[in-house]
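Report on the following structure.
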Amino acid sequence: MQIARDILTRSYRSMRTIRDFEERLHVEFATGDIPGFVHLYCGEEASGVGVCAHLTDTDTIASTHRGHGHCIAKGVGVDGMMAEIYGRRSGVCRGKGGSMHIADLSLGMLGANGIVGGGPPLICGAALSHKTLKDGAVAVAFYGDGASNEGSTLESLNLASVWKVPAVFVVEDNGYGEATGASYAVAGNQKDRAAGFGMPYFECDGNDFFSVYETAGEAIEHARKGNGPAMLHVHLARWYGHFEGDAMTYRAADEVAKLRAEHDCLVNFRRKVVGAGLLEDSDLDTIDTAVKDEIEAAVVAARKAPLPEDADLMKDVYVSY
Amino acid sequence: MTKKSFRQAINEALRQEMQRDPRVILMGEDVAGGRGGTSGVKDAWGGVLGVTKGLLTEFGEDRVLDTPISEASYIGAAAGAAATGLRPVAELMFVDFVGCCLDQIMNQAAKFRYMFGGKARTPLVIRAMYGAGFNAAAQHSQALYPLFTHIPGLKVVVPSSPYEAKGLLIEAIRDDDPVIFLENKVMYDDEEDVPDDPYTIPFGEANLTREGDDVTIVAFGRMVNFANQAADRLEKDGISCTVIDPRTTSPLDAATILDCVNETGRLVIVDESSPRCNMATDVAALVAEEAFDALKAPIRRVTPPHTPVPFATVLEKLYVPDVEKIEAAVRSVAAYRVKEEA
Ligand SMILES: Cc1ncc(C[n+]2csc(CCOP(=O)(O)OP(=O)(O)O)c2C)c(N)n1
Ligand SMILES: [Mg+2]
């Protein structure tokens, strides 16, 4: 597959940023300084990045409780995100939303979401906007295998097909919804669900950026051309607990170690691009260093950033009241 | 009598009722956890905060059912099962998720008996966590008991301590109507002496956690503890308070509230839910209507402001009623003097 060099470097940088952001949060959370619930996207980076590589700021995405990766992939800055997660006034949501509600509508990022299955209906609406306003954009719902069982998700698959809107439903199937395996909780399969709602089904390996990039490209093109919605089923795995603090007793002891050793999307990426002579190791090393500094700076800045002010409590409940 | 946490008290109530009555079943997301997992460990979670831990091991998979993430269907299934012979206790996890299944509660379970001319019984309990204080932000922190209280056909329980939780939950399970049982998530580690044997606390009977002459405080759930702390402080300055824990918002023990207000003539209501159409407005209306002549001061409500629950700690602290805010409200009504007519 031909992929422009700048897409490769941008995508690698994005995946590396997500990885370092999340690994750092894992460490920082353990210090007790980060409030609230934090769900890490480590191990799943290639999915968000491979999909968002096909999107511009006009395109819309809706994310989940595990939203940091989607935010970064859609271009939300790590400084504002880190500050938000620390509950600071300089955060993207001014410290009012936290990890589970990071959003930036100016970038087409309709929000992480604390409600499982909250995103797919919103994406039907975003896709309707794009169709009605004829802006050529698509709307993408990211949701988990667990969320695929919500009525809101299944209704959205139907609605998007009925309306023939440019929506893409990206099922990030990491095999678990909290502590419950998808093999127990998901009846039938995603492929038949797509077929049942009359939309094409695409499937890819979420540990491999190129697999995601290629299939996401097809699914998004289908929607963008006005052919109605599509489903993209990404097989991947999460490396940490459901949320920080989860001891993961429901997973085999060596499961995560194996994933890290054998299915690391960053390692896979490097092997492929360097092997094919598309990029040099040194190109990637330079990105690694830059990202490391960027994350460090984001944490230092977030820790120092001012807290929200008392008056902020009452602000922004309404536009006008 | 043993010291037990709020969490243990609830777990024990569930266990004892499941032992007593084979029709009592549990269902919810990860109430056991671990199904389909690669370790083979069952009961891996026992609920997100470990409240139902161990119940799967004791009662098996036919009575402790992990559900897909599908609130509309399993909460509805619990209502349907309740109407047809089982006595389900369904866990909604965070009460905020009621947005996904309100129809099954509001239009189905709550209305069966009335719509069907008294011919249905729906012995359903829905447990859920509520409340701010966890930095869980706007979609995981609401105190939605007024929403349920508003709906005829539902009973609503807001326990204020481990002892209360056990007795009220057993009562809820034995009750033949749909009951919403709301647990403040910040209280799970609170401990107190709780009897080992099963016991019940009747609905609609308020508990006076202290009695005083000057001001009546009506508080709900976690706010009962804050009200008692405020009352301790005020006592030192010679302001003595009655603190009423109504225990259930539906039914509401109006008689006890009115009796107390008739004695003190001053009322402060502490409610962690959003201020419009909440329990504070409900109790204020009751007193304004039924005890107008007894009032020596305006009724004061201590509630959060009319905003979603904010994430940042500083804002969340500002949002939730606390001991200081209650103390200030009580002082203001205690100091209030009715102006003589000119
Ligand atoms: C409506 C609703 N139900 C339940 C939850 C609690 N919850 C949060 S994340 C989660 C699991 C989601 O699983 P999945 O969709 O597979 O996403 P993953 O966590 O694996 O990324 C659950 C049950 C919620 N936030 N919202
Ligand atoms: Mg999942």
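It should be emphasised that the depicted structure is a prediction, and the values quoted were computed from it without experimental measurement.
Contacts between B:C100 and chain A at a heavy-atom distance below 4.5 Å involve the side chain alone, from C-beta outward. Proximity to chain A (any heavy atom under 4.5 Å) is restricted, for B:A138, to the backbone atoms N, CA, C and O. If you measure heavy-atom distances from B:E71 to chain A, the contacts under 4.5 Å come from both the backbone and the side chain.
For A:H26, the ring pair (Phe, Tyr, Trp, His ring centres under 6.0 Å) partners two or more places apart in sequence, or in a different chain, are A:Y240. Residues satisfying the side chain to side chain donor-acceptor pair (under 3.5 Å) criterion with A:D246, sequence neighbours excluded, are A:Y250, B:W45. In this structure, the ring pair (Phe, Tyr, Trp, His ring centres under 6.0 Å) partners of B:Y130, at least two apart in sequence or on a different chain, are B:Y145.
Looking at B:H306 and A:M314, their side chains never come closer than 4.5 Å, going by heavy atoms from C-beta outward. Inter-residue side-chain proximity for A:V317 and B:P308 is flagged as met; some heavy-atom pair is nearer than 4.5 Å. Side-chain contact between B:Q139 and A:N113 is present, with at least one heavy-atom pair separated by less than 4.5 Å. Inter-residue side-chain proximity for B:E29 and A:T180 is flagged as unmet; no heavy-atom pair is nearer than 4.5 Å.
The shortest non-hydrogen separation linking B:P310 to A:L313 is CG-CD1, 3.6 Å.
The contact list for residues 31-43 of chain B toward chain A, using heavy atoms and a distance under 4.5 Å, reads B:G33, B:G34, B:R35, B:G36, B:G37, B:T38, B:S39, B:V41 by residue number.
Separation of atoms NZ (A:K96) and OG1 (B:T307) is listed at 7.5 Å; rounding is to 0.5 Å.
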- request: May I have the step-by-step check of side chain to side chain contact (heavy atoms under 4.5 Å, CB included) for B:H140 and A:H65, ending in yes or no?
  value: CA-CA 11 Å; B:H140 285 73; A:H65 55 286; over 6 Å; no
